[in-house]
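The figures that follow rest on heavy atoms only: side chains count, while hydrogens, waters and symmetry mates do not.
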There are 2 protein chains.
Amino acid sequence: MSDSVQMDLSASLEDYLEAIFRIVQEKSAARAKDIGKRLKVSRSSVTGALHALAQRELINYAPYDLITLTDKGRAVAEDVARRHEVLRDFFVKVLAVGREDADEAACKMEHAIPDAILDRFLDFVEFVERCPRGGSKWIKGFGYYCDNDNKTGNCEKCVELVLDEVRSRTTGKAADGRTSASLGEMKLGEKGVIVRISGTGGIRRRLLDMGATAGTLVEVERVAPFGDPIEVKIKGYHLTLRKDEAERIAVKLI
Amino acid sequence: MSDSVQMDLSASLEDYLEAIFRIVQEKSAARAKDIGKRLKVSRSSVTGALHALAQRELINYAPYDLITLTDKGRAVAEDVARRHEVLRDFFVKVLAVGREDADEAACKMEHAIPDAILDRFLDFVEFVERCPRGGSKWIKGFGYYCDNDNKTGNCEKCVELVLDEVRSRTTGKAADGRTSASLGEMKLGEKGVIVRISGTGGIRRRLLDMGATAGTLVEVERVAPFGDPIEVKIKGYHLTLRKDEAERIAVKLI
DNA sequence: GCATAATGTACGGCGTGCCGAACATTTGGT
DNA sequence: ACCAAATGTTCGGCACGCCGTACATTATGC
Ligand SMILES: [Mn+2]
Ligand SMILES: [Mn+2]
Ligand SMILES: [Mn+2]
Ligand SMILES: [Mn+2]
């Protein structure tokens with residue numbers, strides 16, 4: 001359900017690949033020096049890793065040349081980055097860990113987490129995010145529990161927060177009253193739940209491949225000037241859709 | 001707050017130490033063969049690791065002899081085991097992962113998790129366990145969410161479960177109506193929150209060292225025939241207390 | 001263009017962790 | 001007591017992954 005790409009890379013090589021992926025995102029091509037700096041490793045170590053990655057056909061590598069990812073390499077790198085992000089989001093959004101610490105820990109643990117458990121982490125974060133609009137109060141109960149040493153009582157405060165949440169629960173409308181839409185109409189930062197996927201093109205395939213069916217949470221991450229393309233996060237994956245593709249996906253706003 | 005013992009062992013050596021710890025728990029002394037079987041590693045690899053551990057004074061080792069842990073070794077092993085258990089408990093109790101998978105994942109990730117985040121995991125599990133008596137319904141909401149694909153609606157069912165929980169919330173009495181007690185009076189499996197630590201002996205010190213103050217959750221894990229000694233879990237640590245020590249710790253049952 | 005700096009690579013070395021084969025010791029059955 | 005099986009150790013070898021040094025190439029300023 002989750003993976004599809006497995007390459008059995010060492011933790012070290014996964015980190016090199018992830019670093020290249022990030023650098024390419026920023027600068028379109030990576031240079032050994034940047035990789036070394038990012039991973040706190042010497043230039044000669046980078047060369048060694050590049051050979052290993054090139055031999056596995058994960059990067060395009062010629063001595064002294066700029067480094068880019070092959071298609072296979074990008075797929076693997078995206079998988080690593082997804083593990084990183086799912087863990088980090090859990091640490092930040094559920095455990096209320098600071099972004100820096102969360103990133104550091106995620107980058108250590110991403111190499112050890114099995115797919116099935118990663119999926120659970122993702123599900124849990126989504127459960128927390130979707131249940132009530134705008135962030136669950138009961139998860140705020142945890143924040144209260146953490147911060148205020150409210151551990152002697154029987155968690156009155158946290159139950160109170162849950163009650164607040166339930167009382168204030170809306171009927172699932174967006175701020176402006178819309179209750180359903182197509183993915184193409186959603187605005188930056190809005191979240192929704194997939195209701196139907198009408199199209200028949202490659203997108204439908206891609207969505208099904210990653211297990212995104214009706215009920216799956218979608219979040220709009222980026223929108224280009226004229227609303228095309230639109231970047232969404234689904235199941236921890238970042239997906240770029242053309243406007244006409246996005247319009248074929250019916251969602252219910254939450 | 002959490003650690004106190006850090007030895008900078010490799011993941012591999014931590015696993016050897018943890019294995020020895022477990023085997024000694026079961027059989028009082030470990031033999032190389034059992035270690036190898038447990039870690040799926042050859043006998044010669046075990047010998048190598050034993051040298052490394054002996055050199056760090058973590059095990060008592062003489063060629064051909066039985067293997068035991070030094071005090072330092074036991075302390076480090078307990079720390080590894082705690083990381084393992086905190087993670088496993090989170091996977092099982094919060095993410096609803098099966099025990100086997102949870103153990104396997106925990107044993108991979110235990111080597112990569114920072115102390116601060118481990119503490120958060122522990123806090124989160126305790127938050128879930130303590131909030132309402134007998135396991136939080138809202139965490140059952142997550143189970144429901146996972147199992148039944150209840151993802152299209154706006155989580156009505158899970159809110160319903162939270163409401164149930166809030167309605168049925170009791171005032172914090174034990175099954176037989178007791179509401180407070182000393183740790184010495186608690187029965188197997190009961191949970192409570194520390195209210196006061198009267199003693200002045202080593203226990204007070206030990207509890208404070210691991211950050212257990214008023215408000216800390218306690219669970220009774222084992223009780224010897226005449227209620228002495230009593231084994232409790234506090235902050236992920238397993239603690240064995242004499243009856244007279246336990247009686248000096250006032251708790252509120254939950 | 002050319003000197004010089006910046007960057008990249010090759011190589012040898014080190015530490016870790018694993019293995020199998022050969023050898024050593026202990027254990028257990030007779 | 002003795003022999004065989006079980007168990008433990010040593011040794012050489014391999015794969016990683018890192019480093020520093022020396023050397024090669026490329027970029028940059030003049
Ligand atoms: Mn990493
Ligand atoms: Mn990472
Ligand atoms: Mn482990
Ligand atoms: Mn473990």
Problem - Strand-adjacent residues in residues 43-64 of chain A, judged by heavy atoms under 4.0 Å from DNA chain C - result: R43(A), S44(A), T47(A), H51(A), Y61(A), P63(A), Y64(A)
Exercise for the section: Without swapping roles, check the side chain of T70(A) against the backbone of L58(A) for a donor-acceptor pair under 3.5 Å. Expected result: yes
Practice task
In whole angstrom, give the distance that lies between atom CG of L39(A) and atom P of dC16(D).
Solution key: 19 Å
Fill in the blank from the handout: The residue, K40(A) or D65(B), whose nearest nucleotide of DNA chain D is more 5′ is D65(B)
Exercise for the section: Specify the residues of residues 13-36 of chain A, ordered by number, for which at least one heavy atom lies under 4.0 angstrom from an atom of DNA chain C. Expected result: R31(A), A32(A), K33(A)
Exercise for the section: Using only heavy-atom distances, determine whether the side chains of H238(A) and E85(A) contain a donor-acceptor pair under 3.5 Å. Expected result: yes
Exercise for the section: For T47(A) and S44(A), test the side chains for any donor-to-acceptor distance below 3.5 angstrom and give the result as yes or no. Expected result: no
Exercise for the section: Answer yes if the ring centres of Y16(B) and F21(B) are under 6.0 angstrom apart, and no otherwise. Expected result: no
Problem - Stacked cation flag R82(B) on Y237(B), 6.0 angstrom / 45 deg - result: yes
Practice task
Kindly state whether the ring of F90(A) and the ring of F121(B) have centres lying under 6.0 angstrom apart.
Solution key: yes
Exercise for the section: Give a yes or no on whether a salt bridge exists between R88(A) and E110(A), defined as a side-chain N under 4.0 angstrom from a carboxylate O. Expected result: no
Practice task
Round to the nearest Å and state the distance from D8(A) atom CG to dA15(D) atom P.
Solution key: 17 Å
Exercise for the section: Considering only NZ, NE, NH1 and NH2 on the basic side and carboxylate oxygens on the acidic side, decide whether K27(A) and D34(A) come within less than 4.0 Å. Expected result: yes
